[in-house]
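We name chains A, B, ... by the order of the sequence lines, and we start the count at 1 in each one.
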Amino acid sequence: MNHYDHNKIEKKWQKVWESTDLYKTKQGNGKKSYVLDMFPYPSGDGLHVGHPKGYIATDVYSRLKKMQGYNILHPMGWDAFGLPAENYAIKNKIHPAVAVKKNIKRFKSQLQKIGFNYDWSREVNTTDPGYYKWTQWIFLQMYKAGLAFQSHEPINWCPSCQTGLANEDLEDGKCERCGSVVEKRPIPQWVLRITKYADRLLSGLDTLNWPEYIKESQRNWIGRSEGVNLKFRVKGMDLSLAMYNSVPQTYTAQTFIIIAPEHPLVKELVRGTPNEKEVLEFVEHIKRKKAKEGFNHVNEMEGIFTGRYLEYPAANRELPIWVASYALVDYGTGIVSCSAHDDRDFAFAKKYGIPLHPVLFPADPARAEKVRNLDVCYREPNGVLTEPAEFKGRRWDEVREDIIEHLVSKGWGERVVNYRLRDWVFSRQRYWGEPIPLIHCPKCGVVPVPEKDLPVKLPNVKSYAPAGTGESPLASIPSFVNTKCPKCKGPAKRETNTMPQWAGSCWYYLRYTDPKNRKRFTSQRAEKYWQPVDMYVGGAEHATRHLIYARFWHKFLFDIGAVSTEEPFQRLQNVGLILASDGRKMSKRFGNVVNPDDIVKQFGADSLRVYEMFMGPFNQAIAWNSDSLVGSRRFLERVFRLKLKVESKTKNSGAELTSDNLQLKSLLHQTIKKVGTDIDEFRFNTAISALMILLNALEKNEGVPLETFKILIKLVSPFAPHLSEELWNHLGYKKSIHLELWPAYDEKIAVSAPVTIVVQVNGKIRGSFTTERGGLQEELQKRALSLPEVKKWLEGVSVSKVIVVPDRLVNIVVL
RNA sequence: GCCCGGGUGGCGGAACUGGUAUACGCGCAACACUUAAAAUGUUGUCUUGGAAACGAGAUGUGGGUUCGAUUCCCACCCCGGGCACCA
């Protein structure tokens with residue numbers, strides 16, 4: 001068979017692999033590599049060619065690891081709860097459970113055509129009761145540990161999706177899913193205390209081999225801020241206010257106080273004062289404005305004086321207390337002391353004629369004058385303080401710690417850490433999610449569902465559209481709601497909210513280690529062996545959601561002894577998007593979607609795989625280009641055809657590259673080295689380019705020794721598993737190539753090829769010569785100076801210096 | 001505004017710790033094979049001067065360090081991403 005018939009080859013081997021359980025996970029005692037994809041949400045549209053890019057990468061990587069002698073765990077599953085699935089179901093008038101089943105079937109068949117080495121016996125599905133039993137179990141452990149609590153604070157409400165949302169689900173104040181403007185609504189919510197883990201989520205990042213910008217995103221999201229809570233009395237009241245300040249250096253500059261309109265102390269401050277009515281009206285006015293779209297609290301800052309003053313002995317003055325639109329009720333204490341050295345405070349003070357008192361000045365006198373005249377707001381690290389006396393003349397950035405100490409010792413403040421991170425609003429008023437396993441008993445209060453009664457199954461109902469009442473559709477199902485209190489056995493009602501989309505993905509990587517276990521969360525042996533995930537691959541859009549949530553759950557599970565590692569994902573690689581050829585996102589809406597099924601059929605799965613890995617740097621977004629795809633196809637055809645040039649042992653006694661072929665032999669060893677390290681570092685494009693270079697050289701050679709050919713197809717096998725299996729089989733091997741060992745290289749041979757020494761005169765290339773590696777400097781210099789093409793540049797000038805870089809170049813410096 | 005990335009041929013992109021810029025692939029052109037086309041193969045393909053030999057100039061812009069800079073430093077422009085009322 002001399003024609004590369006990809007359809008025949010690929011179907012054949014996929015069948016064989018399946019029937020021989022080739023990719024079944026082997027848990028032994030040897031070294032392991034857990035290679036994980038972010039599992040997909042099985043949408044109704046099926047896969048487009050962008051989806052498999054990350055899966056191809058993990059497939060290539062895990063195949064390499066396998067050949068390097070690791071036991072690998074490379075599983076796949078479905079993240080099928082949540083809004084997208086439910087909205088799709090409502091739109092298409094098909095029950096989400098049915099839609100999910102159908103979509104999974106389609107996804108799976110699409111994936112299987114690409115020839116992945118997934119161990120499908122470990123497949124998980126977050127909507128399977130046997131799975132979400134343990135999602136609920138983890139929630140209960142959190143509840144028992146005091147990490148899940150009910151909140152009555154107003155939360156983000158999406159009027160279109162008709163559910164509450166977490167901070168992470170917002171994009172620019174809009175619902176990340178549907179783009180509707182989010183309102184604040186006072187709906188009782190279950191909230192997870194992720195903020196308790198803020199510090200560990202931050203410090204744990206340092207131990208992870210993740211792309212720096214993902215770690216940076218998480219740091220930004222957590223937003224740790226160290227500062228001081230200043231605490232002083234309100235004049236004429238038996239009341240102290242605490243104000244968070246992260247730049248305490250300017251404490252003597254403070255001239256007024258602002259409090260958030262929603263702050264509960266506002267009422268108390270103005271009670272019985274002449275300003276009371278006016279201030280309370282203002283508060284309502286701001287609340288209304290904030291509920292509206294596009295209200296910018298800074299550009300449209302508004303405020304009102306409460307009539308109260310704070311005693312401020314730290315600067316021997318009294319500070320007027322204002323209610324200000326730009327004060328945040330849920331950051332710090334909701335009360336802020338303000339100075340001339342903050343842009344917002346500065347603008348607010350100017351607007352309302354509040355006095356300012358700068359204490360920090362630039363070195364340049366002209367600029368300092370402007371600061372003194374309150375023409376500009378100034379705050380730079382190298383500014384110099386004029387107050388307080390103890391710190392006069394010192395640089396602002398150097399004096400911070402000393403000032404904090406000073407404030408603490410005076411009893412004016414205490415050290416505080418604040419975070420931008422908010423607790424995780426965890427309940428959704430929607431049908432398609434894990435029921436929260438709690439029971440409300442009129443006598444006993446909130447009672448957890450006993451573990452033996454898990455899972456609390458999602459009832460199968462006809463009507464699952466959101467109720468629009470702020471309650472979950474489950475609330476209207478009496479048979480679900482009405483139950484007995486596990487404690488007192490009296491009549492009670494079930495919690496009807498469901499968990500958010502992100503719940504199931506917080507721990508699925510643990511389930512893969514022991515997917516069939518119905519009795520226990522995980523088997524400890526499996527968990528200890530496989531954890532942590534060694535290589536995790538997925539899109540960067542999960543930087544501040546899934547990847548924070550999962551780390552949070554994992555750290556909790558670690559604390560209760562359910563897992564053995566502090567962090568779940570040791571190494572992370574981000575997959576860059578594949579855009580459509582028009583440069584836009586691939587979407588049914590734009591009609592620019594390319595279906596992998598078509599590519600597989602026309603060019604073959606191996607061509608698709610090689611192309612997607614060769615397109616460009618893995619983590620970079622890149623446009624699909626069907627014209628370029630043929631290059632990958634040609635490469636595989638040439639590998640296929642190379643078998644015609646292979647010299648068998650009988651024909652040629654050598655079967656290996658001889659010393660006549662030193663150049664080629666050296667290239668072979670260089671390629672083995674490069675392909676291995678490039679795959680390991682997710683530089684697939686250069687790995688393939690190295691394979692192409694080797695192939696070019698082998699084609700030019702008179703014949704190809706059998707051993708060399710074997711090495712070539714082993715190197716190609718992670719990228720093109722079907723083609724290499726076919727060629728391997730063709731050589732007479734019955735055992736799969738994917739169970740072979742990765743070829744070894746000899747560093748000495750890899751560097752044995754002659755090197756080209758470039759000769760420069762004043763940095764310009766004037767000639768070159770080849771020589772053995774490791775030539776002596778004097779010899780290289782001598783030879784360089786004797787080259788005729790170099791000599792002519794040396795006439796009539798004097799050589800002042802010669803720089804010799806061993807194995808690379810000689811640069812002759814002339815005057 | 002702050003914090004990360006990144007700007008290299010017609011296109012996707014290579015280039016180790018500062019050492020031959022444009023590897024590899026696509027496209028394009030010519031040639032070979034063919035009755036012809038496709039496929040395949042060979043050669044060429046940054047710009048510019050030159051018949052050629054051989055020069056000159058190019059890695060967003062402008063400076064600097066260096067024998068030598070895509071790589072290091074400074075300033076600026078542009079693109080992508082994260083955060084943005086977080087005091």
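Each of A:Leu356, A:Leu310, A:Asn245 was compared with A:Gln254 under the side-chain contact (heavy atoms from CB on, under 4.5 Å) criterion, and only A:Asn245 meets it.
Taking 4.0 angstrom as the limit, A:Ser217 places none of its side-chain polar atoms (N or O) nearer than this to OP1 or OP2 of B:G81. In terms of phosphate contacts, A:Tyr331 brings no side-chain nitrogen or oxygen within less than 4.0 Å of OP1 or OP2 of B:C85. At B:G55, one or more side-chain N or O atoms of A:Trp793 fall inside 4.0 Å of OP1 or OP2 (strictly under the cut-off). OP1 or OP2 of B:C26 sits under 4.0 Å from a side-chain N or O of A:Arg634. Checking the phosphate oxygens (OP1, OP2) of B:A14, a side-chain nitrogen or oxygen of A:Asn685 falls inside 4.0 Å. Listed pair A:Asn619 / B:G5 fails the phosphate criterion, with no side-chain N or O lying under 4.0 Å from OP1 or OP2. Distances shown here put a side-chain N or O of A:Lys764 below 4.0 Å from the OP1 or OP2 atom of B:G57. Taking 4.0 angstrom as the limit, A:Gln620 places a side-chain polar atom (N or O) nearer than this to OP1 or OP2 of B:G13. The side chain of A:Ser246 contributes an N or O atom lying less than 4.0 Å from OP1 or OP2 of B:A87.
A cation-pi arrangement is not found for A:Lys350 relative to A:Tyr352, the charged atom failing to lie both closer than 6.0 Å to the ring centre and inside a 45° cone about the ring normal.
Under 3.5 Å, the side chain of A:Arg808 and the base of B:C16 form at least one donor-acceptor pair of N or O atoms. With hydrogens and angles ignored, no donor-acceptor pair under 3.5 angstrom links the side chain of A:Arg219 to the base of B:C83. Taking only distance into account, the side chain of A:Asn220 never meets the base of B:C83 through a donor-acceptor pair shorter than 3.5 Å.
Shown here for A:Ile578 and A:Gly50, the closest heavy-atom pair between the two residues is CB-CA, 3.8 Å.
In this entry the distance linking OH of A:Tyr213 with P of B:G5 reads 12 Å, nearest Å.
Residues A:Asp345 and A:Tyr326 bring a donor and an acceptor atom of their side chains to less than 3.5 Å of each other.
Taking every heavy atom of residues 750-762 of chain A and every atom of RNA chain B, pairs under 4.0 Å involve A:Thr756, A:Val758, A:Gln760, by number.
The residue A:Asn811 sits close to a base: some heavy atom pair falls under 4.0 Å.
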